[in-house]
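Below is one structure; the comments refer to it alone.
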Amino acid sequence: MSQATIESILQEERLFKPPAEFSQAAQIKSLEEYQSLYEKSVADPEAFWGQLAAQELHWFQKWDKVLDWQPPFVQWFVGGKLNVTYNCLDRHLSNGRRDKTALIWEGEPGDSRTFTYAQLHREVCQMANVLKQLGVKKGDRVGIYMPMIPEVAIAMLACARIGAPHTVVFGGFSAEALKDRLLDAQAKVVITADGGWRKDAIVPVKEQVNKALADNGVPSVEKVLVVQRTGQLVHMEPGRDLWWHELREGVSADCPAEPMDSEDTLFILYTSGTTGKPKGIVHTTAGYNLYTHITTKWIFDVKDTDILWCTADVGWITGHSYIIYGPLSNGATTLMYEGAPRSSNPGCFWDVIQKYRVTIFYTAPTAIRTFMKMGEELPKARDLSSLRLLGSVGEPINPTAWMWYYRVIGNERCPITDTWWQTETGGAMIAPLPGATPTKPGSATLPFPGVIADVVDANGNPVGENQGGYLVIKNPWPGMLRTVYRNPDRYRSPYWEHIPPKNGQYLYFTGDGARKDRDGYFWIMGRVDDVINIAGHRLGTMEVESALVSHPAVSEAAVVGRPEEIKGEELVAFVTLESGYSASEELAKELKQHVVREIGAIARPSEIRFTDALPKTRSGKIVRRVLRALAAGQEVVGDLSTLEDRGVLDQLRAGT
Ligand code: PRX
């Protein structure tokens, strides 16, 4: 975050009370109601979550125990049996929502499809039966690498129906990145498409799957199920690849939901950490279902008449929780859009809102800042009067963007819910309840009931009012990650031992910096570790560095984030070369392209800086603080006595 942004946030004093009409009709109607819920939730978490689980979800068998907390490992609703798709689909067939629209889909070229709950149920059952025919059994992992088409939702739900954990890989990741994830998850089947539309071009997902699986690159993958979307010619590997539209012919739509244990894995979602390759975050059935259900209900204030549009890609946790599982569990209507704002139609988001009378709109600050730059004319030319609530997620929202969102998109009528959370948390953790919590531009406000959040120092001691520190969570919650797939040490150590546990009190380390103001409102300041947030996408500096050093020209690489107006941050890579190579524009271009090939376009460095050496401590650790300052064009301040060679710094300075 830039110094100017930090200063403007520190001075932010504006307070927006929920509009009275909104509060009257809201799920949670006042700050007092929130406070009383919150107090109950922390005084007796088991009673609180147990009651909600009984009230909000359907169970095949009730649990024996609400919470089993053996820090840092947790189990929720031990002994219970349920199926998330029963909660997202079946129960709505008999509660009056059978013919209600469950999913609205708008394709980028302007085609569209809608599914009632009965239709979605049918499709999911059919795909579940096809997966069974392909040999997928309970517990087998299924990779999903798809564009934003209805079948991605159908595929996820089909997996959940038969108890096969899905692992969705964002369609913008490269073949290499896909391969890494499929290998780690040991996926048995991959579901993909012949392509999808994005920014007037076809995203070649099938081609990437072919590359990832070439030469038996992922030996566990036996079959690839391919959905026809674009109709373009793609290579289908005989014996391995099968068309969904062919296999579904004549397949029964009868597929009872598999009774799953509360703690059976629902999905694995890969995300970036500070070390090594991305880690497979494991979410389980009951806790995730309940947590996404209740956060959708209270934070998005979902009613039967709502049409909820979350603009995230389903390849990220936001898409999982607030396009698919949360809205459908609540019986809401969820909207999925295939494309993105593009030069041929920069106002497409506003067209979609106008066309479908979207009531709840949830997007990222980067998108808001992009819209700001495009000007008010585009949204002003559309009828956005259906909107009643706006959400923000993925990165800190600066007050200026918040105010623009509030004024131009919300017409000063719609509360804004800035939701702080992570892949690991499953659902939103700090966010206003829109009918209850007064908002302050730039603050995610207060913790959700059942969540004890705090700001602490490196030893876990709470810091004072408005003092910066680490954002931590002090108790388990149902939506939390259970482990890192096949790597429990990567679960235990970075999350739960980063701040040393004291007297059995474990603190969940979020990796974010924050401060708490005099009203107890949280202000998230961004990552404090080696994770970078670019346009709301999370990347580990290590991943990008490994990608760079895998190029023959590169000897060493250090990657840092630099504040950027629209994307929040951008990547700057400092690179030393192997002998025989020399710095050039062409090489910089090639290295950027190399990173795109290795990871995907979201990881493309904005700048490559060639240098003879990197600033290191005597023990050989790269001093990133120095590089961050240099990348941002700032003075390098602070103690530099640990630098092994001060000359390196002078050289780097001279190069800037
Ligand atoms: O730094 C925080 C930022 O996004 C990180 C989590 O990224 P990811 O796991 O990809 O999940 C993103 C969507 C939930 C966090 O550690 N972040 C997320 N939401 C906010 C945020 N930073 C500030 N304000 C937010 N509302």
Side-chain angles (χ1 to χ4, degrees), residues 41-42 44-88 139 156-157 159-160 163 165-166 257-269 271 280-299 317-318 320-322 324-330 419 421-431 447-453 473-485 488 491 495-496 506 508 510:
S41 74
V42 295
D44 190 349
E46 296 193 37
F48 176 77
W49 291 113
Q51 198 183 348
L52 280 176
Q55 207 174 287
E56 303 289 332
L57 300 185
H58 167 275
W59 297 82
F60 296 131
Q61 185 182 304
K62 207 184 157 189
W63 58 91
D64 307 316
K65 196 172 178 203
V66 172
L67 172 63
D68 183 5
W69 178 222
Q70 315 272 346
F73 293 97
V74 76
Q75 296 190 68
W76 284 92
F77 310 108
V78 183
K81 287 206 184 286
L82 74 168
N83 186 294
V84 177
T85 70
Y86 194 98
N87 284 310
C88 288
M156 289 163 75
L157 293 163
C159 291
H166 54 70
E258 182 72 28
M260 303 298 289
D261 279 346
S262 292
E263 284 298 335
D264 277 340
T265 299
L266 175 62
F267 65 85
I268 302 163
L269 184 59
T271 192
I281 301 298
V282 173
H283 282 289
T284 58
T285 302
Y288 178 83
N289 192 168
L290 180 63
Y291 198 70
T292 52
H293 176 98
I294 202 65
T295 48
T296 305
K297 186 165 174 173
W298 290 351
I299 296 174
I317 190 70
T318 311
H320 281 56
S321 300
Y322 298 114
I324 315 282
Y325 290 112
L328 296 178
S329 182
N330 279 279
T419 59
W421 58 296
Q422 311 177 299
T423 306
E424 293 87 341
T425 69
M429 300 286 281
I430 303 179
F448 194 75
V451 173
I452 307 178
I473 312 293
K474 296 184 150 172
N475 63 325
W477 65 100
M480 65 190 265
L481 77 164
R482 297 302 193 264
T483 189
V484 169
Y485 191 59
Y491 167 71
Y495 296 110
W496 297 100
Y506 279 70
Y508 169 83
T510 61

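Only heavy atoms go into these numbers, but all of them, side chains included; no hydrogens, no water, no symmetry mates. Quick caveat, the model's predicted, so the values are computed rather than measured.
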Self-check item: Within-4.5 Å side-chain heavy-atom neighbours: Y495 and P72
Solution: no
Practice problem: Locate the shortest heavy-atom distance separating T296 from G326; write the atom from each residue and the value. | Solution: OG1-CA, 3.2 Å
Self-check item: Spacing of E424 atom CD and L269 atom CG [to the nearest 0.5 Å]
Solution: 9.5 Å
Quiz item: Can you name the closest pair of heavy atoms from P449 and F48 and give their distance?
Solution: CB-CZ, 3.7 Å
Quiz item: How long is the gap from OG1 on T85 to CD1 on I324, to the nearest 0.5 Å?
Solution: 13.0 Å
Quiz item: Can any side-chain N or O of T295 pair as donor or acceptor with the backbone N or O of G427 at less than 3.5 Å?
Solution: no
Quiz item: Just wondering, do P45 and N475 contact through their side chains at under 4.5 Å, heavy atoms?
Solution: no
Quiz item: What distance do W49 atom CH2 and I294 atom CD1 have between them, rounded to the nearest 0.5 Å?
Solution: 7.5 Å
Quiz item: Just by distance, do the side chain of N330 and the backbone of H293 share a donor-acceptor pair under 3.5 Å?
Solution: yes
Exercise. Verify side chain to side chain contact (heavy atoms under 4.5 Å, CB included) between I473 and T510, making sure each step is shown before the conclusion.
Key: CA-CA 8 Å; I473 312 293; T510 61; 4.3 Å; yes
Self-check item: Shortest non-hydrogen contact between P488 and T483, atoms and distance
Solution: CA-OG1, 3.6 Å
Exercise. May I ask you to check whether over 12 heavy atoms, not counting those of Q51, lie within 6.0 Å of atom CD?
Key: no
Self-check item: Under 3.5 Å donor-acceptor, S321 side chain and G426 backbone
Solution: yes
Quiz prompt | For the student: nearest non-hydrogen atoms of N83 and A160, plus distance | solution = ND2-O, 3.1 Å
Exercise. Return yes if some donor-acceptor pair links the side-chain N/O of N87 with the main-chain N/O of S329 below 3.5 Å, else return no.
Key: no
Quiz item: Atom CG in D264, atom NZ in K81: separation rounded to 0.5 Å?
Solution: 7.0 Å
Exercise. Please step through ring-ring contact (aromatic ring centres under 6.0 Å, His included) for the pair Y322 and H320, ending with a clear verdict.
Key: CA-CA 6 Å; Y322 298 114; H320 281 56; over 10 Å; no
Self-check item: Value rounded to 0.5 Å, distance of CG in L481 from CD in Q422
Solution: 9.0 Å
Quiz item: Rounded to the nearest 0.5 Å, how far does CG of N289 lie from OG of S262?
Solution: 10.0 Å
Exercise. Would you indicate whether the side-chain heavy atoms of W76 and R482 approach each other to under 4.5 Å?
Key: yes
Self-check item: N/O donor-acceptor pair under 3.5 Å between Q75 side chain and E263 backbone
Solution: no
Quiz item: What residue among I317, I299, I430, V451 forms side chain to side chain contact (heavy atoms under 4.5 Å, CB included) with W421?
Solution: I317
Exercise. Please work out whether the ring planes of H166 and Y325 are parallel, tilted or perpendicular, with thresholds of 30° and 60°.
Key: parallel
Self-check item: Test item: V282 and Y491 side chains (from C-beta on) under 4.5 Å apart, heavy atoms
Solution: no
Exercise. Could you pull out all residues at least two apart from Q70 that satisfy side-chain hydrogen bond (donor to acceptor under 3.5 Å, both in side chains)?
Key: D68
Quiz item: Is there side-chain contact between Y508 and W477, with at least one heavy-atom pair below 4.5 Å?
Solution: yes
Exercise. Taking the side chain as every heavy atom from C-beta outward, state whether V74 and M480 have any pair of such atoms under 4.5 Å apart.
Key: yes
Quiz item: Short question: side chain of W59, backbone of A53 - any donor-acceptor pair under 3.5 Å?
Solution: yes
Exercise. Report yes if the side chains of W63 and L82 come closer than 4.5 Å at any heavy-atom pair, otherwise no.
Key: no
Quiz item: Any donor and acceptor pair, going by atom type alone, linking the side chain of H283 with main-chain N or O of T423 inside 3.5 Å?
Solution: yes
Quiz item: Just by distance, do the side chain of T419 and the backbone of A431 share a donor-acceptor pair under 3.5 Å?
Solution: no
Quiz item: Are any non-hydrogen side-chain atoms of Y291 and M429 less than 4.5 angstrom apart?
Solution: yes
